[in-house]
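The block underneath contains the structure these notes are about, expressed in structure tokens.
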Amino acid sequence: MSEIQNQSTHWADITADKIIREKGEKSLYTCASGITPSGTVHIGNFREIITVELVVRALREKGKNVRFIYSWDDYDVFRKVPKNMPEQEKLEGYLRFPITLVPDTTGRAENYARANEKAVEDILPAVGVHPEYLYQAARYRAGYYAEDIRHALEHRDEIRAILNEYRTEPLPESWWPVAVFSSFTNKDTTTVLSWDGEYGLTYRDDELDKTETIDIRTTPNTKLPWRIDWPMRWVKEGVDFEPGGKDHLTEGGSYDTSKNVVKVFGGEAPVTMRYDFVQIKGHGGKISSSSGDVVDLYDVLEVYPPEIVRYLFVGTRPSAEFAISFDLDVLKIYEDYDNTERIYFGLIQTNDKKREKERRIYELSQVDDRKIPSEPGYQIPFRHLCNYLQIYSGDMEKVLSRLPDATESQKERLRVRMKCAWTWLEKYAPEDFCFSLRSDELYDATVEERKALHELADFVDQYLETKSEKEFSEYIYQTAKDNGMENADFFRLVYQALIGKDKGPKLASFLAACGREKVLEILRRY
RNA sequence: GGGCCGCUAGCUCAGCUGGUAGAGCAACAGACUCUUAAUCUGUGGGUCAAAGGUUCGAUCCCUUUGCGGCUCACCA
């Protein structure tokens with residue numbers, strides 16, 4: 001194991017090494033991630049979580065003790081009502097509230113933020129991600145950060161100078177490094193007026209023009225703005241590694257100012273890594289979050305099994321942008337994964353370097369690194385599996401009965417895969433790709449056409465199960481010839497007779513896949 | 001305006017700590033009287049955006065330029 005680790009060139013291993021090198025040998029390494037649950041947490045946000053998860057796994061495999069924390073910034077301000085949320089007008093009334101005090105109009109949880117959090121927390125274990133969740137609203141409101149807020153107030157000028165370095169408009173003299181939610185309205189439309197040098201903070205509610213003095217230890221209204229909050233928490237939790245999106249990791253971005261602000265709190269910045277955004281391809285056209293139709297982890301898991309979802313992220317350098325596909329690329333993704341798996345199990349020969357790389361990608365793609373499969377999945381092309389599924393109208397057990405040599409563990413994996421395949425066929429596959437065998441309604445065939453179909457039925461009856469695919473295709477041509485039909489016309493006829501379309505899967509193999517019984521059941525009715 | 005990323009075969013990209021380039025698809029040739037991005041065999045194809053520099057040696061490192069994209073400078 002360690003031998004493999006040492007020579008691994010996978011980015012997760014390289015990052016783990018970097019953390020150890022830069023932070024030194026420690027008894028505990030803290031890796032952090034987090035976002036604001038201000039709306040449905042989409043698949044782009046997942047990139048950060050999975051990036052940390054992979055680095056955490058790499059560190060643990062090097063024998064390190066690791067704490068993986070995930071911060072929900074649920075004391076953030078509700079700035080905009082996402083279009084995919086019900087009861088828009090009601091939510092409008094809560095703008096400028098902390099999201100933890102906004103009601104959940106979807107009826108899933110006690111408040112808006114919690115509903116979005118819960119959706120993520122429920123699904124992450126499915127892809128092998130198990131962080132320790134930290135809830136910032138609860139912490140702030142319980143006075144957990146009171147001393148840190150006071151510390152920021154004490155270093156007001158120093159912090160302002162750091163933030164001003166990159167600002168076009170310098171922060172005014174009257175600026176304070178805290179934000180206050182009004183105790184009258186819950187909104188952040190307030191202005192801090194003064195601080196008594198200890199825990200007393202006086203602010204004005206700008207809407208009501210009312211003034212109040214609060215104690216930051218006991219009144220749950222104060223929070224630090226993002227660029228101060230982030231470095232403060234680095235110190236609080238002793239964060240050694242935390243990646244960031246490219247909006248944070250750019251000159252003048254929040255990582256830049258935070259790595260200076262963190263010194264005010266007596267700490268240092270964690271090792272970081274920039275990840276690029278994730279695009280979506282083939283998801284019905286409506287994909288932008290502004291339209292409210294976000295793609296989240298649930299959507300992706302409907303079409304890809306957990307290990308393939310991981311595979312997408314594992315196999316791509318975080319700094320590279322990539323797209324998650326819901327169109328025909330899905331076929332290729334499955335094939336790519338299977339290919340990696342075949343290399344892992346030595347079913348495909350390749351050079352050492354490539355094999356080592358693919359091996360590591362396969363390992364990291366597995367949901368549980370202690371339960372890596374001991375045998376490859378059942379070898380059937382994804383396309384073929386899709387055809388089987390359609391022949392049996394989505395009945396997975398019937399499909400499995402056609403694959404008698406599959407082992408139990410392979411069947412388990414096939415079931416997950418078929419469920420995804422079926423969802424894909426129903427929701428995303430192109431029209432041309434889909435078919436279903438005729439049941440009640442028959443093709444309105446002419447007398448000549450019926451004769452041809454009868455002849456084909458006889459061949460099917462006699463030879464479909466005994467002749468090879470290639471040999472059987474001879475009978476198809478012969479039928480066309482015997483009935484004086486052009487091949488193209490005859491193929492069209494057979495597809496119409498079986499599936500009501502002009503085209504379909506390659507005929508000889510399609511008939512074989514359907515099986516003698518099913519084909520005859522339909523053809524004999526003409 | 002600052003910063004970051006990309007520019008490699010017709011297309012999408014891989015190539016990672018410097019040793020004169022790979023995959024899939026497309027193309028072409030041949031199998032198959034055959035369809036949905038169908039199957040098999042084989043072939044061709046690249047001044048690694050451009051120009052300098054470092055080096056025995058550069059797709060890779062440095063500088064400059066061009067083109068494309070993103071991001072920060074308001075909030076988080």
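Order of the sequence lines fixes the chain letters, A, B, ..., with proteins taken first and strands second; residue numbering starts at 1 for each chain.
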Need one value for [X]: base, sugar-phosphate or nothing, where a base atom within 4.0 Å counts as base even if backbone is also close, heavy atoms only.
X	result
Phe433(A)	base
Pro225(A)	sugar-phosphate
Ser473(A)	base
Asp329(A)	base
Phe435(A)	nothing

Where the side chain of [X] is concerned, which of [options] is the nearest nucleotide?
X	options	value
Arg383(A)	A38(B), G3(B), U71(B)	A38(B)
Arg79(A)	C75(B), C74(B), G3(B)	C75(B)
Thr168(A)	C70(B), A73(B), A76(B)	A73(B)
Lys357(A)	A76(B), A73(B), A14(B)	A14(B)
Lys506(A)	C74(B), A38(B), G15(B)	A38(B)
Thr250(A)	U71(B), G24(B), G15(B)	U71(B)
Arg227(A)	G24(B), U33(B), C72(B)	C72(B)

Ser38(A) side chain N/O closer than 4.0 Å to the phosphate oxygens (OP1, OP2) of A76(B)?
no
So, OP1 or OP2 of C75(B): does either fall under 4.0 Å of a side-chain N or O from Arg167(A)?
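Yes.
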Ser71(A): which residues meet the side-chain contact (heavy atoms from CB on, under 4.5 Å) condition with it, sequence neighbours left out?
Asp73(A), Leu134(A), Gln136(A), Arg233(A)
So [X] and [Y], would you call those rings parallel, tilted or perpendicular, with 30° and 60° as cut-offs?
X	Y	answer
Phe265(A)	His151(A)	tilted
Trp230(A)	His248(A)	tilted
Phe433(A)	Trp424(A)	perpendicular
Trp72(A)	Tyr70(A)	perpendicular

Applying a 3.5 Å limit to both distances, which nucleotide forms a Watson-Crick or G-U wobble pair with [N]?
N	answer
C16(B)	none
C61(B)	G53(B)
G68(B)	C5(B)
A31(B)	U39(B)
C25(B)	G10(B)

[X] has an atom [atom1]; how far is it from atom [atom2] of [N], in whole Å?
X	N	atom1	atom2	value
His10(A)	G15(B)	NE2	P	11 Å
Lys259(A)	G3(B)	NZ	P	14 Å
Asn116(A)	A76(B)	CG	C1'	16 Å
Trp11(A)	U17(B)	CH2	C1'	18 Å
Arg233(A)	A76(B)	CZ	P	12 Å
Asp489(A)	U33(B)	CG	C1'	13 Å
Asp247(A)	C72(B)	CG	C1'	9 Å

Distance-only side-chain donor-acceptor flag, Tyr392(A) / Arg402(A), under 3.5 Å:
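A donor-acceptor contact under 3.5 Å links the two side chains.
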If we ignore angles and hydrogens, is there a donor and acceptor under 3.5 Å between the side chains of Thr190(A) and Asp206(A)?
no
Gap in Å between the two P atoms, one belonging to C60(B) and one to G53(B), rounded
14 Å
C1'-based separation of U17(B) from G3(B) [nearest Å]
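Rounded to whole Å, the distance is 24 Å.
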Minimal non-hydrogen separation, Phe78(A) against Leu91(A), with atom names:
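That would be CE2-O, 3.6 Å.
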What does the list of N/O pairs under 3.5 Å between the protein and nucleotides 5-7 of chain B look like, with a distance for each?
none

Residue that, paired with Asn483(A), satisfies side chain to side chain donor-acceptor pair (under 3.5 Å) out of Glu455(A), Glu448(A), His454(A), Gln478(A)
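Only match with Asn483(A) under side chain to side chain donor-acceptor pair (under 3.5 Å): Glu455(A).
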